[in-house]
Number of protein chains: 2
Amino acid sequence: MAGQSKENTRYVGDTVAHDDDTIDFEIIELLFFAYRDFTSDPDAILEKGGFGRAHHRVLHFVDREPGMTVADLLDTLKITKQSLARVLKQLIDSGYIRQVTGPEDRRQRMLYTTEEGQALARALAEPQSRRIAHALAKTGPGARETVKRFLASMKNGAGD
Amino acid sequence: MAGQSKENTRYVGDTVAHDDDTIDFEIIELLFFAYRDFTSDPDAILEKGGFGRAHHRVLHFVDREPGMTVADLLDTLKITKQSLARVLKQLIDSGYIRQVTGPEDRRQRMLYTTEEGQALARALAEPQSRRIAHALAKTGPGARETVKRFLASMKNGAGD
DNA sequence: AAAAATATGTCAATAAGGCTGACATATTTT
DNA sequence: AAAATATGTCAGCCTTATTGACATATTTTT
């Protein structure tokens, strides 16, 4: 029945594939489920306002870095201008984000959350924060430092 | 750091929102970037075959649990039958997954990866596994246990 | 045996959130 | 004055998800 032992490295396209047991399926799956449930937390709140995860991300980063420009945001989110436009427009029209013409370069639009935007951003982050606090507490002392280091190293360009 | 005290609780809609400093923005962001880059690893390979992340997930779980039924898969992925249908059909037509009529209940379709499917699943998992190994090594000894416990606790129904 | 429930498949319409290409406008830099 | 830059916008397309409705085969219940 679907034997798992297939020794010897083999090749699939350009990519070297290793044995079953050399692949960390355990953490791959844990990460999948953890992130799936972590991101599902704010969804209920988002739905009420007719927003989605795209709005959440925009709101989050503008809230965390007030005064960031549209270009900054595009760079952070790694999406296109046209993709951002729709979502950003809705957030502006709904009064959660406001734009201020750049004081030095008047072509720029500096982005800020309004009071309502700030409140929404925090309301969205709160259940996620709770989940994290709970998981860290359950994991044990020192977990926070280890988890931080691990996650930071998982990111691209974390400096080898 | 980031004390848990609940000063100045205020309300946004039905949801209780806490102060800035009681919210763990640091790990929220680390998780966002870590997962974004983690999932970007297999994308290049996927594109070559005209597949997307949906195909990746299906292939992954069928590979990990050979013989799972369509219902099992729907339950794991938490998507609808109609959403699964298209993706699964493409994987079957491409020869990566095959269906076997259930030996006890002939209504069921047990799912298995073909040899090509197995090879693809492993090729996709390999860069992710590498990234994890690298991050764990950088984090230090004992990181694996801590990270596993943390991620497991982040999942829903992890048992309080 | 007939009826109901179940597992799966499929058609059609809709939505969110990405994408590319093309072009407009205001502003700054050369 | 010309070129480059930051932003906005129109139009069309793709993927992945949704809901609702209905078809088929098979198993379970009555």
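Throughout, protein chains are lettered first and strands after them, A, B, ... in sequence-line order, and every chain is numbered starting at 1. This structure is a prediction, so every number in the text was calculated from the model and none was measured.
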K.L.:
Looking for any heavy atom pair under 4.0 Å, which part of the strands does Glu47(A) touch: base, sugar-phosphate only, or nothing?
P.N.:
nothing
K.L.:
Between P on dG9(C) and CG on Leu84(B), what's the gap in Å once rounded to a whole number?
P.N.:
8 Å
K.L.:
Which of parallel (below 30°), tilted (30 to 60°) and perpendicular (above 60°) describes Phe51(B) and Tyr96(B)?
P.N.:
perpendicular
K.L.:
Quick one: look up who dA26(C) pairs with, Watson-Crick or G-U, both distances under 3.5 Å, and put none if it's unpaired.
P.N.:
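In the structure as shown, dA26(C) has dT5(D) as its Watson-Crick or wobble partner.
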K.L.:
Quick one: closest heavy-atom pair of Val147(B) and Leu136(B), and the distance?
P.N.:
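Closest pair (atom of Val147(B), atom of Leu136(B), distance): CG2-CD2, 4.1 Å.
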K.L.:
Suppose we define a pair by two distances each less than 3.5 Å, Watson-Crick or G-U wobble; what does dT30(D) pair with here?
P.N.:
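dA1(C) is the nucleotide pairing with dT30(D).
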K.L.:
Under 4.0 Å: is that the gap between some side-chain N or O of Ser83(A) and OP1 or OP2 of dC19(C)?
P.N.:
yes
K.L.:
For the side chain of Ala54(B), counting heavy atoms from C-beta on, which of dT8(C), dC10(D), dT16(D) is nearest?
P.N.:
dT16(D)
K.L.:
From CZ of Arg109(B) over to P of dA7(C), roughly how many Å is that when rounded to an integer?
P.N.:
13 Å
K.L.:
Look at the side chain of Lys81(A) against the base of dG8(D) and say whether a donor-acceptor pair falls under 3.5 Å; ignore hydrogens and angles.
P.N.:
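Such a pair exists between side chain and base.
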K.L.:
How close or far is atom C1' of dG8(D) from atom CG of Leu88(A), stated in whole angstroms?
P.N.:
11 Å
K.L.:
Strictly below 4.0 Å: does Arg107(B) bring a side-chain N or O up to OP1 or OP2 of dT6(C)?
P.N.:
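Looking at the OP1 and OP2 atoms of dT6(C), neither is under 4.0 Å from any side-chain N or O of Arg107(B).
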K.L.:
Touch check for Arg86(A), heavy atoms < 4.0 angstrom, all strands: base, sugar-phosphate only, or nothing?
P.N.:
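It contacts base atoms.
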K.L.:
Should Gln99(A) be listed as having a side-chain N or O under 4.0 Å from OP1 or OP2 of dG8(D)?
P.N.:
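It does, given that an N or O in the side chain of Gln99(A) lies less than 4.0 Å from OP1 or OP2 of dG8(D).
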K.L.:
With respect to the side chain of Thr69(A), which nucleotide from dA7(C), dT7(D), dT16(D) is positioned closest?
P.N.:
dT7(D)
K.L.:
Rounding to an integer number of Å, can you tell me how far Gln108(A) CD sits from dT27(C) C1'?
P.N.:
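Spelled out: CD on Gln108(A) to C1' on dT27(C) is 11 Å.
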K.L.:
Could you tell me the separation between the CG atom of Asp105(B) and the P atom of dT28(D), rounded to a whole number of Å?
P.N.:
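Going from CG in Asp105(B) over to P in dT28(D) covers 6 Å.
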K.L.:
Can you figure out which of dT10(C), dT9(D), dA6(D) approaches the side chain of Ala85(B) most closely?
P.N.:
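Per side-chain heavy atoms of Ala85(B), the pick is dT10(C).
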K.L.:
Does Arg57(B) place a side-chain N or O at less than 4.0 Å from the phosphate oxygens OP1/OP2 of dA17(D)?
P.N.:
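Yes, because at least one side-chain N or O of Arg57(B) sits under 4.0 Å from OP1 or OP2 of dA17(D).
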K.L.:
Return no unless some side-chain N or O of Thr80(B) is found under 4.0 Å from OP1 or OP2 of dA17(D).
P.N.:
no
K.L.:
Consider only side-chain N and O atoms of Ser40(A) and Asp37(A), and report whether a donor and an acceptor are under 3.5 Å apart.
P.N.:
no
K.L.:
Determine the interplanar angle of the His60(A) and His56(A) rings, folded into 0 to 90°, and report it as parallel if under 30°, tilted if 30 to 60°, perpendicular if over 60°.
P.N.:
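Answer is perpendicular, since the angle exceeds 60°.
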K.L.:
Expressed as a whole number of angstroms, how long is the span from Leu46(A):CG to dA16(C):C1'?
P.N.:
12 Å
K.L.:
Calculate the interatomic distance between Gln82(A) atom CD and dA16(C) atom C1'; express it in whole Å.
P.N.:
17 Å
K.L.:
Between Glu104(A) and Val87(A), who's closer to the 5' end of DNA chain C by nearest nucleotide?
P.N.:
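Comparing both residues, the 5'-ward one is Val87(A).
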K.L.:
Grab the CE-P distance between Met110(A) and dG8(D) for me, whole Å please.
P.N.:
14 Å
K.L.:
What closest approach, in Å, do Arg122(A) and Phe25(B) show between heavy atoms, and which atom pair accounts for it?
P.N.:
CG-CZ, 4.4 Å
K.L.:
For Val100(A) and Arg98(A), which heavy atoms make the closest approach, and how far apart are they?
P.N.:
CG2-NH1, 3.7 Å
K.L.:
Pick the closest DNA chain C nucleotide for Gly50(A) and for Leu74(B) by heavy atoms, then say which residue is nearer the 5' end.
P.N.:
Leu74(B)
